Amino acid sequence: MDSLALGADLEPEPVVDEHSTVTLFVNGEEATLTVDHRATVLETLRESFGLTGAKKGCDHGQCGACTVLVEGRRVNSCLLLTVTQDGATVTTVEGLADGESLHPVQRAFVERDALQCGFCTPGQICSAVGMLREAADGHPSHVTEPDDATGPVPLDAAEIRERMSGNLCRCGAYPRIVEAIEDVIE
């Protein structure tokens, strides 16, 4: 029997488009682009926008090197698919400064020398900015005292360490990172 005759009754498989067009507002600029459905926000920021502050560390959401702000909330951009963020506002470490004037958290990291190799620093800074907002909005953490959960959460060193625990620093700059964040809240 002819092998072509066996498949003659089969319809061709439909072609599935694996790309979508999305609009993102990245660091205050609107951009519409076509992305692969599998592309993460981290990959899109680095490859399509040339924003290399956020780093691919573990690629599993465990190290925090890829932390950026989406709608003001800190996220691990290596775990977030770009197609799910159509219309979202994304802020990277490059977008925190106001022109030549550093964001207060960026300035505190420099003044406190809260970095060593710098690989984790952009994620640490974005996480700190998001964490400060979460605390101001009254979001509790594991160490928040129950009485503090009704309004802005006071940030002491223990509270800061708990809230920043998702961001790893291989060089061990943790004491200076906590000090830099404390400088911003004082």
Side-chain angles (χ1 to χ4, degrees), residues 1-99 102-103 105-106 109 115-135 137 139 141-142 162-171 177:
M1 178 178 262
D2 186 358
S3 62
L4 290 177
L6 288 176
D9 294 343
L10 298 177
E11 292 185 32
E13 290 188 33
V15 176
V16 177
D17 188 6
E18 297 176 356
H19 294 81
S20 291
T21 301
V22 296
T23 299
L24 298 174
F25 298 86
V26 178
N27 296 334
E29 299 290 326
E30 181 178 352
T32 300
L33 61 157
T34 301
V35 296
D36 186 297
H37 290 165
R38 299 165 294 179
T40 64
V41 170
L42 176 62
E43 293 164 341
T44 302
L45 291 171
R46 293 180 64 83
E47 295 168 15
S48 297
F49 291 93
L51 299 170
T52 58
K55 304 292 190 285
K56 183 182 273 194
C58 66
D59 208 22
H60 295 287
Q62 297 174 343
C63 73
C66 67
T67 304
V68 299
L69 303 171
V70 175
E71 302 298 336
R73 303 283 312 243
R74 55 191 172 150
V75 299
N76 291 325
S77 63
C78 72
L79 298 179
L80 200 58
L81 294 176
T82 305
V83 294
T84 66
Q85 299 307 303
D86 189 24
T89 299
V90 179
T91 305
T92 68
V93 71
E94 294 94 339
L96 291 175
D98 183 12
L102 293 178
H103 184 281
V105 173
Q106 291 172 311
F109 268 64
L115 54 114
Q116 287 186 35
C117 79
F119 186 83
C120 73
T121 306
Q124 295 276 359
I125 290 172
C126 283
S127 188
V129 170
M131 179 269 302
L132 290 168
R133 182 175 180 180
E134 291 166 12
D137 290 345
H139 297 280
S141 78
H142 178 69
E162 171 63 26
R163 289 173 181 268
M164 293 294 293
S165 65
N167 290 79
L168 304 180
C169 174
R170 293 177 181 117
C171 299
I177 291 169

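All figures in this text were calculated on a predicted structure; none of them were measured in a lab. The figures that follow rest on heavy atoms only: side chains count, while hydrogens, waters and symmetry mates do not.
Between the side chain of Gln124 and the backbone N or O of Met164, no donor-acceptor pair lies under 3.5 Å. Checked by atom type and distance alone, the side chain of Ser165 pairs as donor or acceptor with a backbone atom of Glu162 at under 3.5 Å. Listed for the Arg74 side chain is no donor-acceptor partner under 3.5 Å among the backbone atoms of Cys126. Distance alone, capped at 3.5 Å, places no donor-acceptor pair between the Asn76 side chain and the Cys78 backbone. Listed for the Gln116 side chain is no donor-acceptor partner under 3.5 Å among the backbone atoms of Cys169. Checking side-chain atoms of Glu30 against main-chain N and O of Phe25 turns up no donor-acceptor pair under 3.5 Å. In this structure, the side chain of Thr82 engages the main chain of Thr40 through a donor-acceptor pair within 3.5 Å. Of the possible polar contacts, none joining the Asp36 side chain to the His19 backbone as a donor-acceptor pair under 3.5 Å is found. Without hydrogens or angle criteria, Gln85 side chain to Leu24 main chain gives no donor-acceptor distance under 3.5 Å. Of the possible donor and acceptor atoms, one in the side chain of Asn167 sits under 3.5 Å from a partner among the backbone N and O of Gly123.
A distance of 12.5 Å separates CG of Leu102 from CZ of Phe109, quoted to the nearest 0.5 Å. The structure places CG of Asp17 at 8.5 Å from OG1 of Thr34, a figure rounded to the nearest 0.5 Å. With rounding to the nearest 0.5 Å, the separation of OG1 in Thr52 from CG in Leu45 is 10.5 Å. Taking OG1 from Thr121 and CD1 from Ile177, the interatomic distance works out to 6.5 Å, rounded to the nearest 0.5 Å. Here Thr92 contributes atom OG1 and Arg46 contributes atom CZ; the two are 11.0 Å apart, rounded to the nearest 0.5 Å. Taken from CG in Asp86 to OG in Ser20, the straight-line distance is 8.5 Å, to the nearest 0.5 Å.
Here the closest non-hydrogen pair linking Arg133 and Gly72 is NH1-CA, 3.2 Å. Closest heavy-atom contact between Cys66 and Ala54: O-CB, 3.9 Å. Heavy atoms only, all atoms of each residue included: Val93 and Gly53 are closest at CG1-CA, 3.9 Å. Counting all heavy atoms, side chain and backbone alike, Gly57 lies closest to Cys63 at CA-SG, 3.8 Å. The shortest non-hydrogen separation linking Val129 to His103 is CG2-CE1, 3.5 Å. Nearest heavy atom pair, residue Ile125 against residue Gln106, reads CG2-CG, 3.8 Å.
Annotation: side chain of Glu43 is in contact with side chain of Lys56 (closest heavy-atom distance under 4.5 Å). Looking at heavy atoms from C-beta onward, Asn27 lies out of side-chain contact with Val90 at the 4.5 angstrom threshold.
Checking Val41, Val68, Leu42 one by one against Leu80, the side-chain contact (heavy atoms from CB on, under 4.5 Å) holds for a single residue, Val41.
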